[in-house]
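Just below is one structure, and these are the notes that go with it.
Each ligand, and each atom within it, is numbered from 1 in the order the structure gives.
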Amino acid sequence: MALFSREREEPNVLNGKIPRHIAVIMDGNGRWAKQRLMPRVFGHKKGVDSLREVITTCKEWGVEYLTVFAFSSENWRRPADEVTFLMGLFLQVLQSEVERMYRNNIQLKVIGNRSHFSAELLEMISAAEEKTSSNTGLVLTIAADYGGHWDILQATQQLLKDKPDLASCFTEVDIQPYLAMAYAPDPDLFIRTGGEQRISNFLLWQLAYTELYFTDLPWPDFGRSALGDAIFWYQGRERRFGRISEQLDATK
Ligand code: FPP
């Protein structure tokens, strides 16, 4: 070990349990750019590089599902030029990255309300999902025009449309298959960058027992090493799902 090395030793997360599903709010792009006297959208552009690095690292470390919040139901309230930029960036990312995802055995899924997307974006999303649908590696989900309220509402509406007889007596188990992420286990680890400590209408149903990790690092500065810190923190948590510690020991 180099005693005087200035490099921080990274925790070896592969010694511990790797979360199966990580959900991320990629926050702080705008402030990161502003600090550099650049337009906010510069931060979003740089955010794509962070996302690429996080995807590669998740794949390497054996994370099965990575879900990122790219655009919330509430983000339509942003200045029109930023909304237009984000939609364009989404399209551009699909165009430039899907081939690489396909080659790397990544399955891409998009969740959210698609009714406000352009025909071009809708087509790109369907083509990307179709192309990667038989891949068996990391499942990357992009949440776009997604909101937890929207998800629970659309699931309930679909359930009652399919099974009107259940109107007066449906349970959690009935709703589950209609939620946007019915294909994935609930997230084990939630990460929010950018210093805010809230869930902001992301995966409300699915985050019920997720470990919540917040970091001040803005998303453009987040990468492999920061992901390692988050996973290392997760590995120190005791997940009880409503039980007490002694009950967990008994099952070990
Ligand atoms: C939040 O930061 C970030 C967003 C609303 C957009 C996230 C988008 C990317 C990282 C681009 C890559 C993703 C895809 C799939 C195209 P903010 O703008 O709220 O930052 P602030 O809090 O500093 O203003």
**Report entry** Polar proximity ligand 1 side, L89 side, N/O cut 3.5 Å exclusive
**Finding:** no
**Report entry** ligand 1 N/O within reach of G30 N/O, cut-off under 3.5 Å
**Finding:** yes
Would you mind running through ligand 1 and noting each atom that sits below 4.0 Å from a heavy atom of [X]?
| X | value |
| --- | --- |
| W219 | 10 (C) |
| N75 | 5 (C) |
| R78 | 5 (C), 17 (P), 18 (O), 19 (O) |

Protein contact of [atom] - nearest heavy atom, named by residue and atom, plus distance:
| atom | value |
| --- | --- |
| atom 6 (C) of ligand 1 | A70 O, 3.4 Å |
| atom 1 (C) of ligand 1 | M26 O, 3.3 Å |
| atom 10 (C) of ligand 1 | N29 ND2, 3.4 Å |
| atom 13 (C) of ligand 1 | L51 CD2, 3.9 Å |
| atom 2 (O) of ligand 1 | D27 OD1, 3.3 Å |
| atom 12 (C) of ligand 1 | V48 CG2, 3.6 Å |
| atom 21 (P) of ligand 1 | R31 NE, 3.5 Å |

Query - Aromatic plane relationship, W150 with Y146 - under 30° parallel, 30 to 60° tilted, over 60° perpendicular - result: perpendicular
Query raised in the report: Taking the inter-plane angle between the rings of H116 and W76 on a 0 to 90° scale, is it parallel (under 30°), tilted (30 to 60°) or perpendicular (over 60°)?
Result: perpendicular
same_hphob_cluster([X], [Y]) at 4.5 Å side-chain heavy-atom cutoff:
| X | Y | answer |
| --- | --- | --- |
| F214 | I25 | yes |
| F202 | V139 | yes |
| L166 | I175 | yes |

Requested in this report: Could you tell me whether R36 sits above the aromatic face of W32, with NZ or CZ closer than 6.0 angstrom to the six-membered ring centre and within 45 degrees of the axis?
Outcome: yes
Report task. Mark yes or no: K109 above the aromatic ring of Y183, with NZ or CZ under 6.0 Å from the six-membered ring centre and no more than 45 degrees from the axis. Result -> yes
Query - Salt-bridge contact K46-D221 (side-chain N to carboxylate O under 4.0 Å) - result: no
Query raised in the report: Using 4.0 Å as the upper bound for N to carboxylate O, is an ion pair formed by E64 and R20?
Result: yes
Query - Of the listed options R40, H44, K45, closest to atom 11 (C) of ligand 1 (non-hydrogen atoms) - result: H44
Query raised in the report: Strictly under 4.0 Å, does any heavy atom of G194 approach an atom of ligand 1?
Result: no
